[in-house]
Amino acid sequence: MYIDDCVEGLLRIMASAFRDALNLGTDELVSIDGLVDLVSEIAGKKLMKRHNTAAPQGVRGRNSDNSLLRQVLGWEPSISLHDGLSRTYPWIRQELEKNRRITGSKAQVLAAA
């Protein structure tokens with residue numbers, strides 16, 4: 001979930017009279033594999049993924065059930081995962097460049113000191 005939606009959701013929850021637990025997240029289902037594809041697309045990178053099919057398999061994807069959130073607040077997060085990552089990726093890249101964790105347009109990862 002994008003931070004703007006998270007903050008808006010927290011403010012709405014705190015301003016409400018509801019005192020039980022509420023899920024606050026996006027109901028957009030995403031797998032780790034799909035997340036890798038999405039970040040690669042946004043970064044303009046091509047990755048070759050290798051899967052270890054002999055390893056234990058975990059949960060196939062994550063998302064939030066927002067039915068109670070919609071009922072209680074009449075609201076739910078609206079910024080898609082793609083849009084949120086598209087806004088966030090340039091900032092992360094800039095921070096990595098600023099801290100010399102990556103260099104130049106090829107963004108080669110430097111060895112950690």
Side-chain angles (χ1 to χ4, degrees):
M1 175 176 30
Y2 190 64
I3 189 65
D4 290 0
D5 276 342
C6 185
V7 170
E8 178 69 23
L10 289 172
L11 291 172
R12 286 174 181 254
I13 290 169
M14 289 187 294
S16 77
F18 196 76
R19 296 294 172 242
D20 291 327
L22 275 175
N23 285 338
L24 178 58
T26 177
D27 62 1
E28 185 177 354
L29 180 65
V30 63
S31 66
I32 294 298
D33 204 48
L35 184 60
V36 168
D37 291 341
L38 184 57
V39 173
S40 296
E41 173 199 326
I42 290 167
K45 306 288 181 192
K46 289 199 180 251
L47 294 178
M48 178 183 289
K49 294 183 280 185
R50 291 182 297 182
H51 298 89
N52 181 355
T53 56
Q57 299 295 308
V59 176
R60 295 285 181 200
R62 294 278 183 205
N63 70 327
S64 176
D65 177 356
N66 288 347
S67 54
L68 186 57
L69 185 72
R70 283 189 298 271
Q71 179 185 340
V72 170
L73 300 180
W75 175 90
E76 65 182 315
S78 62
I79 300 168
S80 72
L81 182 59
H82 185 278
D83 289 348
L85 287 172
S86 293
R87 296 176 192 183
T88 305
Y89 182 83
W91 177 83
I92 292 171
R93 183 182 172 108
Q94 180 182 18
E95 289 298 304
L96 290 171
E97 288 173 350
K98 183 170 70 176
N99 291 298
R100 300 176 193 259
R101 298 293 307 249
I102 60 174
T103 60
S105 61
K106 292 184 181 177
Q108 304 259 327
V109 177
L110 300 175

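Just so it is clear, the values below take in all heavy atoms, side chains as well, and ignore hydrogens, waters and symmetry mates.
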Next on the checklist: I'd like to know whether Asn66 forms a side chain to side chain donor-acceptor pair (under 3.5 Å) with Ser64, so could you lay out the CA-CA distance, the side-chain angles of the two residues, the decisive distance to 0.1 Å, and finally the verdict.
Outcome noted: CA-CA 6 Å; Asn66 288 347; Ser64 176; 2.7 Å; yes

Checklist entry - Is the shortest heavy-atom distance from the side chain of Val39 to the side chain of Lys45 under 4.5 Å? => result no

Checklist entry - What residue among Arg100, Arg101, Gln94, Arg93 forms side-chain hydrogen bond (donor to acceptor under 3.5 Å, both in side chains) with Glu97? => result Arg93

Item to check | Flag side-chain contact, heavy atom, 4.5 Å: Leu35 against Leu85 | outcome: yes

Item to check | Heavy-atom side-chain proximity of Leu24 to Leu69 below 4.5 angstrom | outcome: yes

Next on the checklist: Once rounded to the nearest 0.5 Å, what's the spacing between atom CG of Leu22 and atom CG of Leu10?
Outcome noted: 10.5 Å

Next on the checklist: Using the rule given for side chain to side chain contact (heavy atoms under 4.5 Å, CB included), can you reason through Leu81 versus Leu38, listing the C-alpha separation, both sets of side-chain angles and the distance that settles it, and then say yes or no?
Outcome noted: CA-CA 9 Å; Leu81 182 59; Leu38 184 57; 3.7 Å; yes

Checklist entry - Taking atom CD1 of Ile79 and atom CG of Asp4, what is their separation to the nearest 0.5 Å? => result 5.0 Å

Item to check | salt bridge (Lys or Arg N to Asp or Glu O under 4.0 Å) contacts touching residues 64-73 (sequence neighbours left out) | outcome: Asp27-Arg70, Arg70-Glu76

Next on the checklist: Please evaluate residues Val36 and Leu47 with respect to the criterion side chain to side chain contact (heavy atoms under 4.5 Å, CB included), reporting the C-alpha separation (whole Å), side-chain torsions for both, the decisive distance (0.1 Å), and the verdict.
Outcome noted: CA-CA 9 Å; Val36 168; Leu47 294 178; 3.9 Å; yes

Item to check | Interatomic distance, Asn63 atom CG to Ser31 atom OG [nearest 0.5 angstrom] | outcome: 11.5 Å

Checklist entry - Just wondering, more than 12 heavy atoms not from Ile32 lying within 6.0 Å of its CD1? => result no

Next on the checklist: Hydrophobic clustering (ILVMFWY, side-chain heavy atoms < 4.5 Å, transitive) - are Leu96 and Trp91 grouped together?
Outcome noted: yes

Item to check | Lys46, NZ atom: more than 12 neighbouring heavy atoms under 6.0 Å | outcome: no

Item to check | Reported CE-to-CG distance for the pair Met14 and Leu11, which is rounded to 0.5 angstrom | outcome: 5.0 Å

Next on the checklist: For a side chain to side chain contact (heavy atoms under 4.5 Å, CB included) check, start with the C-alpha distance between Phe18 and Leu68, then their side-chain angles and the critical distance, and finish with the verdict.
Outcome noted: CA-CA 11 Å; Phe18 196 76; Leu68 186 57; 4.0 Å; yes

Next on the checklist: Hydrogens and angles aside, do Glu28 and His82 bring a side-chain donor and acceptor to less than 3.5 Å of each other?
Outcome noted: no

Next on the checklist: A side-chain contact here means heavy atoms from C-beta on lying under 4.5 Å apart; do Tyr2 and Asp83 qualify?
Outcome noted: no

Checklist entry - Would a distance-only check, ignoring hydrogens and angles, find a side-chain to backbone donor-acceptor pair under 3.5 Å from Ser16 to Ile13? => result yes

Checklist entry - So, Asp5 side chain and Met1 main chain: donor-acceptor pair closer than 3.5 Å or not? => result no

